[in-house]
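Each residue takes its place number in the sequence, starting with 1.
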Amino acid sequence: MLVVSEAVLEAMWLQARLEAPRECVGLLVGRLGRAEAAWPLPNASPRPEVAYEAEPRALVAALRRMDAAGLELVGIYHSHPNGAAWPSPTDRARAYWRVPYVILGLAEGAVRAFMLPEEEEVTLLVDA
């Protein structure tokens, strides 16, 4: 299970809408499976309309900031501007971290979380 506040969820949706038609990407940081913040990252993919790739320097800086703040990586999020909130073959192939991957499907207005590459859906609990 991954717990996110309404504010964190709204921050992810806002980023996804602002970056459309490009996919957005970011980190969910917090403690013990609870996302306390959504940290946006630049999408460095050569095909950002259909894929995401966190810009390496920004990713390393965010991970260092997370460690310095005593936080944990509790999830990774990205958007599918024209698709469903379901993992693509590319999403599954590039899943390196053992945390839930949250996908925001703008076309359907849905959000889901998965452990990848297994494609096992994770309960996403929205908390006030």
Side-chain angles (χ1 to χ4, degrees):
M1 176 172 26
L2 176 62
V3 180
V4 298
S5 68
E6 290 180 15
V8 168
L9 183 60
E10 184 52 40
M12 290 188 292
W13 277 115
L14 178 61
Q15 180 189 356
R17 287 186 208 104
L18 289 174
E19 294 193 28
R22 299 166 49 98
E23 290 192 8
C24 77
V25 60
L27 304 180
L28 293 171
V29 298
R31 293 178 185 86
L32 304 172
R34 181 179 186 81
E36 297 175 15
W39 289 357
L41 294 170
N43 184 350
S45 171
R47 298 182 47 212
E49 292 80 17
V50 294
Y52 74 93
E53 180 180 322
E55 195 283 319
R57 290 181 192 162
L59 175 59
V60 169
L63 292 172
R64 286 182 177 152
R65 188 172 116 205
M66 181 185 68
D67 286 343
L71 297 169
E72 303 167 2
L73 180 64
V74 297
I76 297 171
Y77 67 93
H78 75 282
S79 63
H80 286 174
N82 298 306
W86 199 264
S88 69
T90 302
D91 293 339
R92 289 189 302 275
R94 294 186 176 172
Y96 305 117
W97 303 85
R98 296 304 303 155
V99 296
Y101 284 76
V102 177
I103 303 171
L104 300 119
L106 272 71
E108 64 181 348
V111 59
R112 291 184 182 90
F114 300 87
M115 291 302 291
L116 298 176
E118 300 88 348
E119 206 173 285
E120 176 185 327
E121 191 157 6
V122 173
T123 300
L124 186 63
L125 178 62
V126 180
D127 195 0

* Looking at Trp86, is Arg112 sitting on its ring face, NZ or CZ under 6.0 Å from the six-membered ring centre and within 45 degrees of the normal? -> no
Side-chain donor/acceptor of Glu72 to backbone N/O of Val74, under 3.5 Å
no
*Check: Glu19 side chain, Arg22 main-chain N or O, donor-acceptor pair, under 3.5 Å*: no
| Do Leu2 and Val102 come within less than 4.5 Å of each other through their side chains, counting heavy atoms only? | yes
Donor + acceptor pair across side chains of His78, Asn43 (<3.5 Å):
no
Practice problem: In plain terms, say whether Glu10 and Arg17 are close enough for a salt bridge, that is, a side-chain N and a carboxylate O under 4.0 Å apart. | Solution: yes
Smallest heavy-atom separation, Ala58 atom then Pro42 atom, equals CB-CD, 3.6 Å
Is the shortest distance from a Lys or Arg side-chain nitrogen in Glu118 or Arg98 to a carboxylate oxygen in the other one below 4.0 Å? yes
dist Glu23:CD -> Arg47:CZ (nearest 0.5 Å) comes out at 10.0 Å
Check: Between the side chain of Glu6 and the main-chain N/O of Asp127, is any donor-acceptor distance below 3.5 Å?
Finding: no
Spell out, as yes or no, whether a donor-acceptor pair under 3.5 Å connects the side chain of Thr123 to the backbone of Met1.
-> no
Inset, instruction - Give a yes or no on this: more than 12 heavy atoms of other residues, nucleotides or ligands lie within 6.0 Å of atom CZ of Arg92. - result: yes
Considering only heavy atoms from C-beta outward, does the side chain of Leu27 approach that of Leu73 to under 4.5 Å?
yes
